[in-house]
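In this text, all values refer to a predicted model and were calculated from it rather than measured experimentally. Side chains are part of it too, since the values below use all heavy atoms of this structure and drop only hydrogens, waters and symmetry mates.
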Amino acid sequence: MDIERLGPAAQEQVLQELARRERLANAERRRQRAAAEKAPPGGQGSRLEEEYYRAYIWPKELAGQVAKVEHHRRFELLPPAEYCGIRLPAAHYTPDFVIAYANGTVEAVEVKSHFTRTAQRDYIYRRRLFIELIARPRGWVFTEYIEKER
């Protein structure tokens, strides 16, 4: 269709409708790609991570709400350094999932059992550094899922 023959308001309306249809088509393509895989990827993490993925992330992927999921993406919190002759290794944090949603929101998810949460004494400090240095400045959401004791 030759939209240049239309008035400015009509042209804008047509362009908005074309953009809306393109967004819907992209969401449908993502949904079909996810459905074609038949099942969520497994064997990449703990049993609890896989359960969380199947219960919370996979349904959102099928609905076209999720644009991308990264599993165990590693972030450098502090670079390696040396101080008074002491070698200081780099500090890293690796959330279980980094989820980019179709609406532009990004969420970092940490999945832990109650036992692991209490056993990893440095976790609360690495989590705090990740939130303050990475998540908060970028406007990301941070979700911590702690499985209750069985």
Side-chain angles (χ1 to χ4, degrees), residues 11-150:
Q11 285 182 14
E12 181 64 27
Q13 196 173 13
V14 168
L15 292 174
Q16 286 176 356
E17 177 61 19
L18 290 173
R20 185 187 72 80
R21 288 181 184 185
E22 182 63 26
R23 283 192 307 274
L24 288 174
N26 286 340
E28 178 62 19
R29 281 193 290 275
R30 283 192 303 270
R31 189 195 66 73
Q32 287 176 353
R33 259 196 327 267
E37 293 175 2
K38 300 283 187 221
Q44 296 179 351
S46 70
R47 168 202 53 85
L48 188 57
E49 289 171 23
E50 190 166 329
E51 287 176 9
Y52 183 89
Y53 184 90
R54 289 176 185 271
Y56 296 101
I57 300 171
W58 182 245
K60 292 176 185 177
E61 282 187 302
L62 291 176
Q65 297 172 347
V66 172
K68 182 178 180 183
V69 176
E70 293 180 88
H71 193 255
H72 290 160
R73 178 175 167 191
R74 185 175 176 166
F75 293 89
E76 183 176 272
L77 301 174
L78 296 170
E82 190 171 309
Y83 181 73
C84 297
I86 300 171
R87 188 182 143 305
L88 304 171
H92 298 93
Y93 182 78
T94 307
D96 295 314
F97 302 101
V98 177
I99 307 164
Y101 291 94
N103 68 5
T105 304
V106 177
E107 177 182 22
V109 179
E110 184 65 45
V111 179
K112 293 218 176 288
S113 68
H114 179 75
F115 172 76
T116 304
R117 167 76 166 79
T118 55
Q120 292 179 341
R121 298 181 68 161
D122 68 333
Y123 166 70
I124 59 170
Y125 302 110
R126 288 183 296 109
R127 177 190 63 189
R128 173 69 190 271
L129 284 170
F130 174 77
I131 289 170
E132 296 300 335
L133 298 175
I134 308 290
R136 190 187 308 258
R138 296 179 184 183
W140 290 5
V141 175
F142 183 83
T143 301
E144 183 178 57
Y145 176 79
I146 307 293
E147 180 187 49
K148 303 289 186 232
E149 291 183 68
R150 291 184 180 205

Worksheet item: Closest heavy-atom contact between Leu133 and Leu77?
Response: CD1-O, 3.5 Å
Worksheet item: What are the two closest heavy atoms between Pro95 and Phe130, and how far apart are they?
Response: CG-CZ, 4.3 Å
Worksheet, complete the sentence: Between the CG atom in Leu18 and the CZ atom in Arg23, the distance rounded to the nearest 0.5 Å is 11.0 Å
Item to complete: Mind running side-chain contact (heavy atoms from CB on, under 4.5 Å) on Leu48 and Glu51 for me, showing each step along the way?
Response: CA-CA 5 Å; Leu48 188 57; Glu51 287 176 9; 4.1 Å; yes
Fill in: Audit row: Tyr53, Glu61, side-chain contact (heavy atoms from CB on, under 4.5 Å) steps and yes/no
CA-CA 10 Å; Tyr53 184 90; Glu61 282 187 302; 2.4 Å; yes
Discussion item. Determine whether Phe75 and His92 satisfy the following criterion, ring-ring contact (aromatic ring centres under 6.0 Å, His included), listing intermediate values before the conclusion.
Written reply: CA-CA 6 Å; Phe75 293 89; His92 298 93; over 10 Å; no
Worksheet item: For the residue pair Glu49 and Asp96, what are the closest heavy atoms and their distance?
Response: OE2-OD1, 2.8 Å
Worksheet item: To the nearest 0.5 Å, what is the distance between CG (Leu78) and CG (Leu129)?
Response: 6.0 Å
Worksheet item: How far does OH of Tyr52 sit from CZ of Phe97, to the nearest 0.5 angstrom?
Response: 8.0 Å
Check residues 104-111 and write down every donor-acceptor pair under 3.5 Å in which the side-chain atom is one partner and the other belongs to a residue at least two apart or another chain.
residue : atom : partner : partner atom : Å
Thr105  : OG1  : Asn103  : OD1          : 3.0
Glu107  : OE1  : Tyr101  : OH           : 2.5
Glu107  : OE2  : Thr143  : OG1          : 2.4
Glu110  : OE1  : Tyr93   : OH           : 2.7
Glu110  : OE2  : Lys112  : NZ           : 3.2

Worksheet item: Looking at CZ of Arg21 and CG of Asn26, how far apart are the two atoms once the value is rounded to the nearest 0.5 Å?
Response: 14.5 Å
Practice prompt. Would you list the pairs meeting salt bridge (charged side-chain N to carboxylate O under 4.0 Å, His left out) in which at least one residue belongs to residues 72-93, sequence neighbours left out?
Written response: Glu70-Arg73
Response to the item:
Shortest non-hydrogen pair, Ile57 vs Val66, comes out as O-CG2, 4.5 Å
Worksheet item: Is Arg20 salt-bridged to Glu17, going by a charged N under 4.0 Å from an acidic O?
Response: yes
Side-chain donor-acceptor pairs under 3.5 Å in residues 135-142, sequence neighbours left out?
residue : atom : partner : partner atom : Å
Arg136  : NE   : Glu132  : OE1          : 3.2
Arg136  : NH2  : Glu132  : OE2          : 2.9

